There are 2 protein chains.
Amino acid sequence: MTLSAINSQGGYDGDMSDSQPARGRPSHIDPAAIADAAIALFQTHGYDAISMDRVAEEAGISRRSLFRYFPAKGDLVWHGSAPVEARLHGILAALPVGTLTYSVLTDAVVDSLHALDHREGVTRARLRLIAGHADLLAQGPTKLATFWTELEAFLTTRLGDAHRARVLALAIRTVVFDALLRWAAGEEHDFSATVSAALATLGALGTLSEC
Amino acid sequence: MTLSAINSQGGYDGDMSDSQPARGRPSHIDPAAIADAAIALFQTHGYDAISMDRVAEEAGISRRSLFRYFPAKGDLVWHGSAPVEARLHGILAALPVGTLTYSVLTDAVVDSLHALDHREGVTRARLRLIAGHADLLAQGPTKLATFWTELEAFLTTRLGDAHRARVLALAIRTVVFDALLRWAAGEEHDFSATVSAALATLGALGTLSEC
DNA sequence: CTATTAATGGCACTCAGTGTCATAATATGT
DNA sequence: ACATATTATGACACTGAGTGCCATTAATAG
């Protein structure tokens, strides 16, 4: 919920729930703008060729402050996934009790990803960077941890079987992420269709005997 | 094939196929021994607390040579997965044509992992290190790339459908790896049973409507 | 004995990431 | 208005991973 906390840049303003009037020195730093600028640098010069010093210089802040907002270089690329996680939360909570079919579930997952589709250009750029870099690619499960753990928690309560929920969540995670990367690479054009097709294939894995 | 190339340490002697008489300076360095020693250090002092300098010192070689054998620190932990990949290769090649059921396939995967079970103590130690460290954990798909790509290639030729093969390979990869980690963590005792059960659960995902 | 080939070590370098501390800028209380 | 608590920022130094370069060493082939 709290979809209003999602700003137009696709960033996330943090915990806006009980916002006390601001104390202390206010920040003049805009993380979303810095991330976007960094992405642009990465695209033109290559991820490895751009150092954190360079990003800080470009953003007009000190190197130390940059690391305060982005504890790891990869966070610059992963920044902006919070809206997707927030949306999934809302969608799962809205699912009626007792009517969980596989297709309903996968539709919910696909629906939550529409937050990505919104800023299609930037998202594609980020995903392409991720796909092109083994280090970044490997961070998918970690950096989107909220998304995946929320999905698994939901499935655990709905299925009653923690083991089965875990397998299902893991499989969905891997297949969805792979579909996103293929979409970003340009192999597929329709965002939702790509993810939906991948999940449909996953659901039919048990019927392998036909070969 | 070439299972004889697997030495008693669980290491892999590289390409022994057309071994010319050795030229140049011979190496006095034993990568498997170094990896094992490093694992021991990691276990007692923690992965982060042990620098590559320390490992090199312990092994009695220069830091530079250490990096020549293990280009990344994580490779010390992942070392020894080659036998598993070799075994999978042999098992897949031996599968009779035209009789590929899901259970036959998963049995083959489980069977290939017996190379891990052999040195149970060391394998558990390594997997525990991996499980306890997000960086290492994320490298699973990359470091075992040969294993997974071989599986996917096999499925592609057998199924005829590249897309379906990819989804299947991805799902198996994730679920198997997760099962291995749970086994290493001590949550499960029977190695094969753990992996088999996870794969069986995966095969039955499509039937979700019963809840 | 010489040339060739390959392994190793020493050194310096880049860059990611962290700890510490001084300083600046804001709001609150008097 | 003024002192104080609170927070953001920057400056600096440090650790450790990983790389490039080159001299050196140890083997074999002729």
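Bear in mind that the values here come from a model prediction, so they are computed numbers and not experimental data. By convention in this document, chain letters (A, B, ...) are assigned in the order of the sequence lines, proteins followed by strands, and residues within each chain are numbered from 1.
- Of the possible donor and acceptor atoms, one in the side chain of B:Lys73 sits under 3.5 Å from a partner among the backbone N and O of B:Tyr47.
- With A:Trp78 as the aromatic partner, A:Arg126 does not meet the cation-pi criteria of under 6.0 angstrom to the ring centre and within 45 degrees of the ring axis.
- A heavy atom lying under 4.0 Å from DNA chain C marks the following residues of residues 69-77 of chain A, by number: A:Pro71, A:Ala72, A:Lys73.
- The shortest distance between the side-chain N/O atoms of A:Ser65 and the OP1/OP2 oxygens of D:dG10 is below 4.0 Å.
- Judged by closest nucleotide on DNA chain D, B:Asp53 is the one of B:Asp53 and B:Pro26 placed further toward the 5' end.
- For the pair B:Arg182 and B:Glu188, the salt-bridge criterion is met [side-chain N within less than 4.0 Å of a carboxylate O].
- Salt-bridge annotation for B:Asp36 and B:Arg119: present, with a side-chain N of the basic residue lying under 4.0 Å from a carboxylate O of the acidic one.
- At a cut-off of 3.5 angstrom, the base of D:dA27 holds no donor-acceptor pair with the side chain of B:Arg25.
- Per the geometry, NE2 belonging to B:His45 stands 18 Å off C1' belonging to D:dG16, to the nearest Å.
- Rounding to the nearest 0.5 angstrom, the gap separating the CD1 atom in B:Ile130 from the CG atom in B:Leu180 is 9.5 Å.
- Here the C1' atom of nucleotide D:dA17 and the CZ atom of B:Arg68 are 16 Å apart, to the nearest Å.
- The distance between atom CG of A:Asp135 and atom P of D:dG18, rounded to the nearest whole Å, is 9 Å.
- Note that the CG atom of B:Leu199 and the CD1 atom of B:Ile172 stand 6.0 Å from one another [nearest 0.5 Å].
- For C:dT14, neither phosphate oxygen OP1 nor OP2 lies less than 4.0 angstrom from any side-chain nitrogen or oxygen of A:Ser51.
- In this structure, the CZ atom of B:Phe67 is 17 Å from the P atom of C:dC11, given to the nearest Å.
- Partners of B:Phe70 under the ring pair (Phe, Tyr, Trp, His ring centres under 6.0 Å) rule, at least two apart in sequence or in another chain, are B:His79.
- One can place CG of A:Asp48 at 12 Å from C1' of D:dG18, the figure rounded to the nearest angstrom.
- If you take CZ on A:Arg128 and CG on A:Leu136, they are separated by 14.5 Å, rounding to the nearest 0.5 Å.
- You'll find that the side chain of A:Arg23 is closest to C:dA27, out of C:dA27, D:dT9, C:dA7.
- Looking at B:Arg63, its side chain comes within 3.5 Å of the base of D:dG18 through a donor and an acceptor atom.
- Judged by distance alone, with hydrogens and angles left aside, B:Arg64 brings a side-chain donor or acceptor within reach of the base of D:dG20, the pair sitting under 3.5 Å.
- For the atom pair B:Arg87 CZ and B:His114 NE2, the distance stands at 7.0 Å (nearest 0.5 Å).
- B:Ile50 comes within 4.0 angstrom of the backbone, heavy atoms only, and of no base.
- In this structure, the helix from C:dC1-D:dG30 to C:dT30-D:dA1 shows an angle of 0° between the axis at its start and the axis at its end, each fitted on 5 base pairs and rounded to 10°.
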